[in-house]
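Below is one structure, written out as structure tokens, with a few remarks after it.
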2 protein chains.
Amino acid sequence: MSGRKPTITDVAALAGVSVAAVSKVVNGKGSISAATRERVLTAASKLQWTPSAAAVALRSAKTRAIGMVAKRSPDLLSADPHFSLLISGIEGELSPLGYGLLLHIVGEQPGPGEPDPEEAAYRRLADERRVDGVVLTESRIGDTRFELLRTLGVNAVLVGTPWRADPVPSVQATGLGSGIRAAVDHLVGHGHRRVAYVSGPEDRVHTVHRRRVFEDALAARGLAPSHSLVSDFTAAGAVDAISALLADRRRPTAVLFANDSMAVAGLSAARRLGVDVPGELSVIGHDDLPLGELVYPQLTTVRQDLVGLGRAAARVLLASLGEVDAEPVEVRPPELVVRESTGPAPDRT
Amino acid sequence: MSGRKPTITDVAALAGVSVAAVSKVVNGKGSISAATRERVLTAASKLQWTPSAAAVALRSAKTRAIGMVAKRSPDLLSADPHFSLLISGIEGELSPLGYGLLLHIVGEQPGPGEPDPEEAAYRRLADERRVDGVVLTESRIGDTRFELLRTLGVNAVLVGTPWRADPVPSVQATGLGSGIRAAVDHLVGHGHRRVAYVSGPEDRVHTVHRRRVFEDALAARGLAPSHSLVSDFTAAGAVDAISALLADRRRPTAVLFANDSMAVAGLSAARRLGVDVPGELSVIGHDDLPLGELVYPQLTTVRQDLVGLGRAAARVLLASLGEVDAEPVEVRPPELVVRESTGPAPDRT
DNA sequence: CTGAAAGCGCTAACAC
DNA sequence: GTGTTAGCGCTTTCAG
């Protein structure tokens with residue numbers, strides 16, 4: 001395409017040294033005199049040479065890439081912005097070290113007579129030796145991915161809470177639960193007594209965790225959930241949920257959703273049904289995606305430091321690869337962001 | 001980590017053939033007897049062997065990966081869901097062929113005394129020979145990326161309209177402009193006479209194109225834009241724009257935004273100012289991101305087949321790599337999706 | 001401190 | 001139809 005790409009040999013020749021010397025200076029290993037280093041460096045930059053990733057990978061068995069596979073339902077709605085933020089954080093740590101991020105998006109359905117696409121994706125990553133590690137998200141109850149990855153021999157780190165204290169590397173925010181507790185306090189402090197919860201899919205670890213935190217927080221104020229629904233992170237699910245809640249004679253005056261997309265969809269559905277938010281119903285989301293600020297009324301939500309989580313996950317992986325020291329990066333605790341979708345409970349009627 | 005990974009040699013030994021034979025069968029090249037093929041295949045599967053990506057890449061100078069670099073402003077708001085959809089389409093084509101997608105996210109700012117991070121990212125991808133091609137998005141006026149990529153010797157395909165008929169590979173929807181024209185017709189048909197346009201950043205090729213289509217469509221109905229604003233794809237920008245429009249004594253009765261995020265932000269801002277949508281103001285977005293269905297009122301928007309564009313881009317790249325035939329995949333033409341944010345023009349007062 | 005040499009796992013001529 | 005044999009570009013002992 002544009003002349004041959006220079007190789008280490010070219011650099012060595014131009015610098016008048018051996019290829020070994022060049023290798024040593026670019027890797028900072030072995031001992032090299034300042035003079036030689038200098039000559040190699042200038043030769044390299046003159047030739048615009050950068051080590052070939054493939055050669056390095058083959059020789060050193062390190063690809064300098066980490067992988068991520070995202071399982072996506074046809075309803076692209078939910079996970080998306082969540083992933084983007086996480087990826088931003090991950091990339092922020094990888095890029096400076098020259099690591100790449102290999103992304104795979106797989107469907108939910110195994111396709112007729114085929115293996116689980118998610119598992120297949122991890123296998124391929126491992127078998128082809130394309131990555132040095134992977135980051136997992138959306139911890140699931142009964143999650144088999146760690147086991148799989150372990151037998152495949154690839155490093156992994158989980159963003160979130162492991163399924164029952166599995167001894168797997170993972171990262172989570174400090175003070176987990178503080179945001180939801182603050183949300184409950186906010187609501188109760190505003191006179192709400194009937195507050196409902198709409199969770200995400202039940203196979204998610206965070207689903208049960210968040211609901212428990214919610215219930216405990218309410219209990220601490222001497223209350224119990226007015227309703228507790230399970231939904232699926234889709235818009236339709238949220239709409240169904242809100243319809244059910246509003247149809248109840250003793251309907252809630254406030255509802256917490258397990259993510260922002262559902263919260264916005266629910267909020268919109270309520271308004272469409274003629275229910276004023278926050279006048280008649282307060283709504284709180286979870287994650288603080290950009291979306292929440294765009295809508296009217298703006299969404300009160302539990303902010304999660306997604307970028308920080310991504311960053312932290314990358315650090316853990318990088319540390320296990322010996323690239324950085326294992327100093328954990330701090331992930332900001334979840335916090336309540338009060339905007340316009342919450343307010344005082346409506347007058348008792 | 002878990003026993004040594006099997007190599008082609010192991011497979012050859014187990015099958016009782018030469019490594020060349022194994023290579024031939026996995027690559028479908030050369031001539032191999034059915035019997036040998038069979039033995040190789042069983043040996044390979046017994047050993048769970050898959051060719052090492054690094055070895056293949058080094059030897060054949062093909063990485064079987066394509067790259068993408070996304071330039072992201074600190075305000076993550078805009079490009080996001082757009083990218084996710086594109087990526088879904090791209091991955092859909094890559095995965096079946098065993099290709100990977102290497103993603104890089106870079107900031108806008110060059111950092112003090114540093115080179116443009118975007119350019120640096122492309123250079124790294126090329127110099128390290130990490131990918132066989134890249135897909136570019138967000139065609140810019142005066143775009144230098146193609147030139148860069150050409151001198152770097154990497155295949156590239158653009159999603160969108162090239163900057164002034166550059167002879168670069170690109171994909172776009174058939175019937176470009178049809179969606180915006182339909183939007184204008186929809187509005188005018190509903191009695192709107194004062195319709196405004198809020199564009200994206202002026203350095204984008206699509207910005208000027210879409211605005212022209214808009215103006216031409218209006219002109220075809222004997223009208224001219226009531227206002228034409230330039231914004232920046234941020235929520236704040238959209239809010240400013242809508243405020244300016246509504247402050248005008250002769251304010252528009254309808255406004256088209258260059259993307260959905262701005263449209264939703266604008267729509268929300270209008271409502272916050274006490275302006276009813278669509279009663280007093282009709283709003284139309286662009287792209288049809290999931291977000292538009294979540295909000296209330298649901299957003300009328302110009303749908304763009306983002307997934308199809310991603311798919312098509314991947315095909316073009318794959319074709320230029322000789323992996324697939326160059327049959328262009330069809331990208332659905334843009335179409336107007338009428339929802340709740342548009343309606344009849346308010347009565348003249 | 002420096003260089004020669006042996007591969008990493010695989011593909012592609014080229015012989016047989 | 002099948003095997004032998006060079007490397008691809010780099011890292012890493014191991015002598016000097």
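Every chain is numbered from 1 and lettered A, B, ... according to where its sequence line falls, protein lines coming before strand lines.
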Item to check | Nearest-0.5 Å distance that lies between atom CG in A:Leu158 and atom CD in A:Glu138 | outcome: 10.5 Å
Item to check | B:Val69, B:Leu149, B:Thr63 screened by side-chain contact (heavy atoms from CB on, under 4.5 Å) with B:Leu125, the one that passes | outcome: B:Val69
Next on the checklist: For a quick check of understanding: with a heavy-atom distance under 4.0 Å over all strands, which category does A:Val22 fall into, base, sugar-phosphate or nothing?
Outcome noted: nothing
Checklist entry - Within the structure shown, what part of the strands sits under 4.0 Å from B:Ala20 by heavy-atom distance: base, sugar-phosphate, or nothing? => result base
Checklist entry - Roughly how many Å is it from CZ in A:Arg129 to C1' in C:dC8, rounded to a whole number? => result 13 Å
Next on the checklist: Looking at C:dG3, I'd like to know if its phosphate oxygens (OP1 or OP2) sit under 4.0 Å from a side-chain N or O belonging to A:Ser18.
Outcome noted: yes
Item to check | Side chains of A:Leu101 and A:Ile66 in contact at under 4.5 Å (non-hydrogen atoms) | outcome: yes
Next on the checklist: I need the A:Leu152 CG to B:Lys5 NZ distance, nearest 0.5 Å.
Outcome noted: 10.5 Å
Next on the checklist: Give the residues of residues 24-54 of chain B touching DNA chain D, defined as any heavy atom closer than 4.0 Å, sorted by residue number.
Outcome noted: B:Lys24, B:Ser31, B:Ile32, B:Ser33, B:Thr36
Could you tabulate the donor-acceptor pairs under 3.5 Å formed by side-chain atoms of residues 306-327 of chain A, not counting sequence neighbours?
from     : atom 1 : to       : atom 2 : distance (Å)
A:Arg315 : NH1    : A:Glu93  : OE1    : 3.0
A:Ser320 : OG     : A:Leu317 : O      : 2.8
A:Glu323 : OE2    : A:Arg64  : NH1    : 3.2
A:Glu323 : OE2    : A:Tyr99  : OH     : 2.9

Checklist entry - How many angstroms lie between atom CZ of A:Phe83 and atom CD1 of B:Ile87, to the nearest 0.5 angstrom? => result 11.5 Å
Next on the checklist: What is the first contacted nucleotide of DNA chain D and what is the last, in 5' to 3' order, if contact means an atom lying under 4.0 angstrom from a heavy atom of chain A?
Outcome noted: D:dG9 to D:dT12
Item to check | Rounded distance (Å) that lies between atom P of C:dC8 and atom CD1 of B:Ile8 | outcome: 13 Å
Next on the checklist: Quick check: on DNA chain D, is the nucleotide nearest B:Ala21 upstream (toward 5') of the one nearest A:Val19, or the reverse? Name the residue that is more 5'.
Outcome noted: B:Ala21
Next on the checklist: Within this structure, what is the CD1-CZ distance for the pair A:Ile32 and A:Arg37, rounded to the nearest 0.5 Å?
Outcome noted: 7.0 Å
Item to check | From CG (A:Asn155) to CZ (A:Arg150), nearest 0.5 Å | outcome: 11.5 Å
